[in-house]
Amino acid sequence: MSQIDLALQQDESTSEHAYASRSQWKMMVSRFKKNKRAMVGFWMVVFCVTVALLAPWVAPYDPIEQNMQIMLEGPSLSHPFGTDEFGRDILSRIIHGTQISLMTGIVGVLIAVILGVALGTISGYFGGLADTLIMRIMDIFMAFPSFLLALAIVSVLGPGMINVMIAIGIFSVPTFARLSRSSVISIKDKEYIEAVKAMGGSNLHIIIKHVIPNSIAPIIVLSSMRIATAIITAAGLSFLGMGAQPPTPEWGAMLSTGREYLRVAPHVSTMPGLAIMFLVLGFNMLGDGLRDALDPKMKL
Amino acid sequence: MSMRQTPLVEIRNLKKYYPITKGLLKRTVNHVKAVDGLDFTIYKGETLGLVGESGCGKSTTGRTILQLLQPTEGEVIYEGKNLVGMKPRELRKLRKNMQMVFQDPYASLDPRLTVGEIIAEPMEIHRLYAGKEKDKRVDELLEVVGLSSYHAKRHPHEFSGGQRQRIGIARALALEPQLIVADEPVSALDVSIQSQVINLLQDLQGQFGLTYLFIAHDLSVVKHISDRIGVMYLGRMVELADKHDLYDTPLHPYTQALLSAVPVPDPLAKRERIVLQGDVPSPANPPQGCTFHPRCQACMEICKTQRPKWTEVDGRYVACHLYE
Amino acid sequence: MKPKLLEIKGLKTYFQTEEGVVPAVDGVDIVVYEGETVGIVGESGCGKSVTSLTTMRLTPGKVVAGSISFQERDLLALSDEEMRKVRGNEMAMIFQEPMTSLNPVFTIGQQIGEAIEIHMQYSKQQARARAIDMLKLVGIPRAEQIVDEYPHQLSGGMRQRVMIAMAMSCNPKLLIADEPTTALDVTIQAQILDLMRELKEKHNTAIMMITHDLGVVAEMCDRVIVMYAGKVVEEADVVTLFTNPKHPYTQGLMKSIPRLNGTDERLYSIKGSVPIPGTLRKGCTFAPRCEYATDICRQEIPELNEIEDNHSCRCWLYEAKGEQA
Amino acid sequence: GNNASSGEQPAAEGPKDLVVALGSEPISLDPQDASDGISLHATELIYDKLVTFDKDMNIIPELAKEWSMSEDGKSWTFTLQEGAKFQDGEPVNAEAVKASFDRILDKNNKLKRRSLFADFIESVSVESEYKVTFQLKFQYAPLLATLAHPNGGIHSPKNTAEKGKSVGKSPVGSGPYQFKEWISGEKLVLEANPNYWGEKPKVKSITFKPVVENAARSLMLETGEADVILPIPATDIDRLKNNDQVKVELYPSNRNLYMGMNTQKAPFDNVKVRQALNYAVDKETIVNKIMMGNAKPAEAAISGLTWGYSPVGTYPYDPEKAKQLLAEAGVKPGTTIKLWTPEGRYLMDRQLSEFVQANLQAVGFNVEFRKWEWGAYQEAIDDPNSGYDLFLLSWAVPTNDADWGLRPNFSTEGSNNRTLFSNAELDALIDQGMKTTNEEERKQIYAKALQIIKDEAPWIFLVEMKQPIGVRKNVEGVYGSNTERLILRDADKK
Amino acid sequence: MFAYIVKRLLQVIPTLIGVSILTFFLIHAVPGDPARMIAGPEASAEEVAEVREHLGLDQPLYVQYGKYVSNLLKGDLGVSLRSERPVLDEIMGRFPSTITLTVMAIAVMVVIGLFAGIFSATRPNSLIDNVTMMVSLFGISLPVFWLGLMLILLFSYYLNLLPSGGNDGFSHFILPALALGLSSSAILARLTRSSMLEVINQDFVRTARAKGVKEKLVVYKHTLKNALIPIVTIIGLEFGTLLGGAVLTETVFSINGLGRFIIQSIQFRDYPSIQGSILFVAAIFVIVNLLVDLCYGLVDPRVKYE
Ligand SMILES: Nc1ncnc2c1ncn2[C@@H]1O[C@H](COP(=O)(O)OP(=O)(O)OP(=O)(O)O)[C@@H](O)[C@H]1O
Ligand SMILES: Nc1ncnc2c1ncn2[C@@H]1O[C@H](COP(=O)(O)OP(=O)(O)OP(=O)(O)O)[C@@H](O)[C@H]1O
Ligand SMILES: [Mg+2]
Ligand SMILES: [Mg+2]
């Protein structure tokens with residue numbers, strides 16, 4: 001009730017041009033800020049990014065220096081997350097691993113966004129043969145269960161994080177292409193596009209100035225969620241030995257090697273798993289919030 | 001009156017068919033004959049109204065005239081030049097002269113741009129003005145449509161429907177066109193706002209000597225604003241006449257029914273109403289002969305097989321076997 | 001005078017939104033007598049639909065004040081289950097968009113039959129039979145086939161007929177029609193309006209007709225209520241309203257519509273635009289657009305007063321009939 | 001045909017099935033067409049050979065009662081056990097032995113282990129029903145050891161004639177257990193051969209199950225789902241040892257794990273560098289911490305269990321010495337070298353390589369690490385130009401004879417000489433060793449060879465592996481041989 | 001309808017051909033030599049060459065592909081290089097485990113996801129809705145392989161309730177199916193919720209309420225049936241995710257299924273097995289999605305099968 005009273009007491013100044021006072025962007029930001037989950041996700045991601053940037057300074061130990069005297073020790077004051085099979089400090093490794101996971105997720109998705117949006121836009125905007133061709137090829141990619149596709153690509157390219165990024169990029173391309181195609185299709189027949197055509201704007205002008213900016217919101221949302229998927233997938237590939245090379249402190253690889261010590265030292269695989277979950281959860285929550293703010297009708 | 005006799009755009013046998021495709025190979029199995037052979041002329045300085053029921057091809061007509069859609073057949077002759085099949089570069093130059101105002105005040109403005117950017121865009125495309133001059137021109141245009149220069153920095157969603165429609169009009173005016181195709185510019189507006197926009201359009205016509213092709217389904221609005229009115233049914237024009245002639249003595253049975261169906265905002269008026277039976281047939285497979293014949297009260301045998309000719313009767317046009 | 005069927009008093013329905021509280025309906029009084037047609041007109045967003053939905057207790061908004069009495073029962077006090085029995089039975093509703101108001105995944109027969117099964121305790125077969133009868137009643141050809149078809153197989157006009165058949169299937173006392181013809185072409189609109197008029201006469205159903213088309217009001221209604229920004233601003237019988245509108249808004253509205261038989265003169269236009277709900281100023285909501293607005297108009301909200309017999313108006317220009325005396 | 005259920009056989013005492021959980025499943029049950037250890041665990045039960053190894057790796061008679069060698073050492077005659085029968089009822093005679101070896105030697109049969117025999121066998125001939133002679137191309141000292149290799153199993157000639165290539169799926173030998181069924185990916189079941197000519201089998205059937213996951217195998221042994229498991233991950237050994245239902249035995253194996261260097265490539269063409277690498281690696285820690293005590297440091301290029309071994313000693317862990325040698329060789333600190341390793345092929349292989357990497361970093365190298373899965377790894381290290389400097393690999397000697405331990409790896413022409421090591425003196429010694437039949441003389445030759453190899457250090461000598469086998473307490477008669485065979489012939493389940 | 005199915009099946013063919021081309025050339029681009037794998041590390045170069053010739057791997061790629069396809073058309077997926085058994089036999093031997101796992105995971109996903117989604121959608125923005133959606137976010141963020149390990153640690157090692165791996169019987173599949181299905185169920189829950197919310201605000205739901213339909217029926221009859229199309233679609237798509245996830249799950253739980261077979265085949269460079277099993281999985285996936293498309297017709301009469 002009190003809020004309703006407040007509304008009734010609004011003064012003249014706000015009512016003058018109430019709808020003219022806030023820009024769309026500000027509205028989105030405020031909608032995003034109001035979303036508690038989104039903010040928690042945002043800060044989780046910010047936290048991880050900070051940790052990644054400051055890794056050399058915040059990590060208490062060298063992530064690859066071995067000390068066989070203290071191998072497989074459980075969490076303690078000096079090693080809060082315990083040590084691994086070479087006596088390396090797991091906390092320090094996780095801190096350094098943040099860089100790798102973030103990079104993989106972001107670069108992988110960036111590749112997918114660039115290729116996917118380009119293909120999807122061409123396909124959606126021009127239609128016809130290009131559309132049929134592109135979509136058929138995407139269908140072929142989609143016919144692979146997604147993880148298998150990434151696996152196949154990495155086994156061709158050989159292990160290593162760069163290749164994992166490429167694999168993740170490629171395997172996400174169809175998703176982005178389809179999404180951007182469908183949003184381009186919904187936009188290209190909008191009257192404002194027609195207005196630009198009527199004033200003599202070229203296709204390139206229309207695509208760059210109107211179509212892409214207006215179809216990018218769902219792409220941003222998908223990207224942030226896809227980064228989450230990418231991080232998990234990369235970890236999965238490393239888990240199968242297709243990713244990072246030792247002694248790189250990649251989380252999936254750490255988890256995979258820790259598996260051999262699951263009984264004697266469960267912390268070795270538990271900790272990196274929690275780290276993956278933390279970062280992925282951050283991106284998912286962020287994406288969720290972005291969706292609510294940018295494109296509430298999107299189904300993801 | 002002399003001005004009215006100078007043709008600005010001549011439309012000859014204009015057709016627009018949308019293919020209906022099927023299957024994997026997108027074979028064309030049929031066509032939606034959205035516009036199926038129109039012949040008429042728009043004179044300089046006049047307002048030509050276009051009415052008809054939903055789906056009869058009004059918007060398609062407007063868009064094909066502006067070459068936003070490639071006509072299937074026919075000619076659109078603008079000041080002696082046929083726009084159909086013209087080279088894209090040449091066409092782009094001519095586009096300055098013809099602009100469009102849209103129905104949906106929400107969908108016709110790019111939500112990402114500011115109002116100033118929206119109005120400046122046509123000038124940028126045609127490299128008409130730059131820098132300060134451009135800004136000045138944007139302000140001028142805003143004033144012309146009854147907004148203020150401080151609106152230029154705002155985004156479309158901050159405006160009401162009527163205001164957006166004004167922005168759309170300002171954008172259309174930016175290139176100083178001769179012809180404006182207005183596709184249902186007031187249908188989405190509230191009654192009290194609708195009259196503001198209609199008045200604005202009329203004022204601008206006087207001010208800049210504009211020619212309008214005014215599309216609407218509300219007959220009262222069309223009658224109010226137009227000089228001449230064309231009535232469309234299922235992709236074809238059935239009647240074209242001076243508005244007074246049309247309202248006073250409609251010739252085509254469809255025009256008669258249409259006019260009688262409009263509810264009159266006067267509780268005391270008692271009128272004879274012709275209620276048409278059935279719905280408008282699908283333009284994908286229109287009836288043989290006169291497309292209106294299944295719903296027509298004056299249907300004759302010939303109507304079922306022969307397409308009526310577009311004939312001139314006392315300075316007005318009608319397509320009906322009754323008048324051949 | 002006929003007995004009162006529905007009486008809405010001081011109804012206020014507010015919405016809690018991200019942007020704050022929106023008083024969509026802000027003090028509405030409406031009376032509907034048995035068998036009459038009441039028109040509600042007003043601009044988009046003035047609260048017409050919310051009023052009707054609140055009457056059915058279907059609005060997602062919150063009723064913060066007022067009462068709705070229907071056949072002497074206070075609807076707002078009924079339990080959900082009791083209210084459910086009123087809906088579709090004694091009180092039915094049809095909506096503006098015939099395209100989206102029917103469930104795409106059930107047949108016409110199932111959808112009409114559902115209400116019949118619920119309220120009249122018919123068996124499936126009986127309900128189906130009645131559904132066919134109803135379809136015939138609303139003038140649908142091939143009713144026996146149509147009953148088994150799905151909404152997407154029907155044209156807009158037919159769907160609206162189906163909606164009407166559904167609403168009428170349990171012989172309601174009150175039919176609320178929220179812009180029943182706005183989405184239709186004029187020739188189809190004429191068909192539907194004729195049908196409603198016919199049904200109303202046959203069954204003596206009262207109709208609450210919501211529209212923004214004054215032409216439709218003039219043709220269909222016995223009494224008219226004009227709403228502006230969540231409030232009723234004028235109420236009169238149809239002839240009075242059209243011949244002698246009192247409220248400046250109603251007057252402006254009448255003058256601003258182009259007429260088929262009118263002249264080519266410039267149209268009158270009400271300056272400014274409809275206020276966005278939730279951004280209220282003090283005083284009369286119409287004051288910023290009103291030619292006659294005075295200081296008091298900007299300070300205080302006028303009451304809805306009966307200024308003549310059966311003619312009420314919410315405006316400082318007029319005084320209540322009683323006080324005048 | 002014969003059936004397990006026919007007659008009152010000792011094996012039919014009760015429904016005893018011995019479940020053996022292994023890391024993967026057999027590939028082929030044709031002993032001449034299988035090169036993987038798992039397949040051979042099974043063929044060992046199905047087939048008899050002419051001779052075999054006993055528990056202590058002595059060569060003892062199996063199908064051959066006795067044998068003799070000609071003067072020139074190029075002709076060997078074997079006298080067969082009489083009365084032995086194949087599982088399909090065919091008699092085991094000289095014809096069968098000849099047929100079996102002719103099959104291997106025939107190039108057209110494309111059997112995987114052809115080279116093992118074809119290099120030195122000229123021909124096989126029948127002397128009489130139970131006498132068969134092998135004519136050799138040259139005097140070949142390790143002949144008996146080679147015939148004792150499981151790849152020397154004798155087939156029923158009738159079966160090979162009928163089945164052709166698919167013998168590997170429906171094998172018939174003369175061993176104590178015969179093939180029953182094989183559901184790919186799930187299990188292979190062998191049942192007792194009721195007509196076995198030798199000591200009767202003690203359990204009714206033996207089931208091999210592929211259980212890839214180390215932890216899962218251990219768990220199966222603990223719950224009794226499996227009676228025998230192999231291998232056991234080092235991390236589980238202690239726990240299993242404390243389980244009173246279970247016995248864990250570490251059988252010495254003649255497999256040596258080493259890290260090869262590309263000796264043609266700088267700086268590894270310098271013997272000081274090669275020695276420095278050997279000094280840099282802490283083998284004790286590898287054994288104690290990484291292998292958790294389940295191995296021992298290698299003291300020569302072949303394992304102490306292999307015939308012909310003599311200990312030439314390990315390089316002690318001495319990083320300072322390593323640095324000094326590197327400095328002498330002119331290797332600058334920070335030199336980048338590439339270390340490649342398989343993962344999951346050998347017990348703790350990746351961990352071991354990671355540890356070596358750290359050791360080498362400690363003496364100033366910058367070690368680029370690359371972990372491969374086994375498939376790609378094999379091809380990659382086949383080609384010395386594919387870029388590696390160091391690679392982890394192991395060598396086991398199935399004949400248990402030094403010849404097969406050294407010749408492929410260290411002779412210039414050796415089939416597996418991935419280090420590209422070449423030393424004329426060594427080549428001569430190896431050739432000599434192969435052709436000398438006097439055991440004492442041979443031993444001397446190999447001692448010299450091993451010393452040269454140690455000094456030249458084409459490998460970083462790492463560890464001798466052990467084979468941990470886990471058995472339920474109620475199971476007896478199971479052991480692992482030096483050649484890494486799981487011997488189940490005498491297995492009994494109480 | 002029948003014609004439609006035939007047509008769709010025909011449409012599947014080019015996709016599968018594309019898949020076969022893609023896998024064929026992808027796989028052959030993988031470094032590694034199956035001949036070497038078969039011959040073993042101790043074999044000499046000549047032996048390896050011999051094996052290569054024997055397997056026909058010495059021929060040009062396009063010839064190999066041509067042979068592969070012509071055999072494929074005869075329903076012959078070739079013979080595994082490693083086991084020398086028909087690839088189809090190898091696949092069929094392992095497929096039951098994988099499909100059991102996948103179907104059980106689908107069951108986990110549908111039971112948990114659908115229920116949670118509907119539950120949330122009917123109480124939008126309530127505390128319980130927020131909690132459910134938060135939990136589902138956690139679910140989506142869990143890596144399958146880690147969840148699997150944790151389940152093993154908890155249920156097998158600590159509680160000793162369920163087996164940690166293997167595939168002999170129902171109980172062996174419980175943990176893997178949970179690990180695999182849980183994150184998909186979270187996705188389904190979210191999608192169900194948003195589709196339900198979208199539908200629940202539509203005009204026809206209001207119409208149903210205006211008729212006096214009971215709230216339960218409004219939700220389960222009028223709303224759910226309309227929300228079903230995206231739900232069914234996601235179930236079809238998740239089927240693919242689950243098949244892919246089976247690779248990881250089978251690894252963690254030592255299930256001898258198709259996923260592991262693919263990994264092992266990749267490691268062994270067993271070309272026919274890799275191609276065969278990937279094609280097989282893709283075909284299953286494509287067919288499942290065809291079934292999903294056919295389900296649309298049951299769910300929504302507007303879907304026409306021309
Ligand atoms: N892109 C298209 N593809 C296929 N058919 C189309 C397309 N655009 C329009 N049509 C069809 O062409 C016919 C004419 O459409 P048009 O939009 O011109 O009608 P309209 O008179 O403007 O109707 P409204 O009053 O509803 O705007 C309709 O039947 C429509 O369905
Ligand atoms: N669910 C809702 N949440 C928030 N605000 C709402 C909701 N429904 C309606 N409103 C607001 O209430 C006001 C009145 O809406 P209502 O639908 O009654 O208008 P109307 O008179 O029917 O308009 P129209 O002619 O456009 O149908 C509008 O401003 C609208 O924005
Ligand atoms: Mg139109
Ligand atoms: Mg409304």
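Below, read A as the first sequence line, B as the second, and so on, with proteins coming before strands; counting in each chain starts at 1.
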Only pairs under 3.5 Å count here: list side-chain donor-acceptor contacts from residues 166-175 of chain A, not counting sequence neighbours, and write none if there are none.
residue: A:S172; atom: OG; partner: A:I168; partner atom: O; Å: 3.0
residue: A:S172; atom: OG; partner: A:R226; partner atom: NE; Å: 3.4

The test is side-chain contact (heavy atoms from CB on, under 4.5 Å); show your working for B:E121 and A:H205 and say whether it passes.
CA-CA 11 Å; B:E121 189 173 13; A:H205 172 94; 2.6 Å; yes
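- For the residue pair B:Q99 and A:A198, the shortest heavy atom distance occurs at NE2-O, 3.2 Å.
- Within a 6.0 Å radius of CZ in A:F141, other residues, nucleotides and ligands contribute 12 heavy atoms or fewer.
- At a 4.5 Å heavy-atom cutoff, the contact between A:H210 and chain B is made by backbone and side-chain atoms alike.
- Remark: B:R164 engages no residue in a side-chain hydrogen bond (donor to acceptor under 3.5 Å, both in side chains) (not counting sequence neighbours).
- The candidate with the highest count of non-hydrogen atom pairs below 4.5 Å against chain A, out of B:L66, B:L175, B:D104, B:D183, is B:D104.
- Within a 6.0 Å sphere centred on CE of A:M103, heavy atoms belonging to other residues, nucleotides or ligands number 12 at most.
- Heavy atoms of B:L91 lying under 4.5 Å from chain A are absent altogether.
- Identified by a heavy-atom distance below 4.5 Å to chain B, the contributing residues of residues 182-193 of chain A are A:K190, A:E191, A:Y192, in residue-number order.
- Heavy atoms closer than 4.5 Å to chain A are found in the side chain of B:L68, but not in its backbone.
- Remark: side-chain polar atoms of B:H126 are paired, donor with acceptor, to backbone N or O of A:M199 under 3.5 angstrom.
- Side chain of B:R92 to main chain of A:G200: a donor-acceptor pair is present (N/O by atom type, distance under 3.5 Å, no hydrogens or angles).
- Residue A:V196 is tested with B:I118, B:I125, B:D110 for a side chain to side chain contact (heavy atoms under 4.5 Å, CB included); the sole match is B:I125.
- Interface residues of residues 104-124 of chain A toward chain B, defined by a heavy-atom distance below 4.5 Å: none.
- Nearest approach of B:P111 to A:N214, heavy atoms of both residues: CG-OD1, 3.5 Å.
- One finds the CD1 atom of A:I212 at 12.5 Å from the CZ atom of B:R112 (value rounded to the nearest 0.5 Å).
- Within a 6.0 Å sphere centred on CZ of B:F208, other residues, nucleotides and ligands contribute more than 12 heavy atoms.
- Contact count against chain A (heavy-atom pairs under 4.5 Å) is highest for B:R95 among B:Q103, B:Q67, B:R95.
- The pair A:K209-B:E124 counts as a salt bridge, with a side-chain nitrogen and a carboxylate oxygen less than 4.0 angstrom apart.
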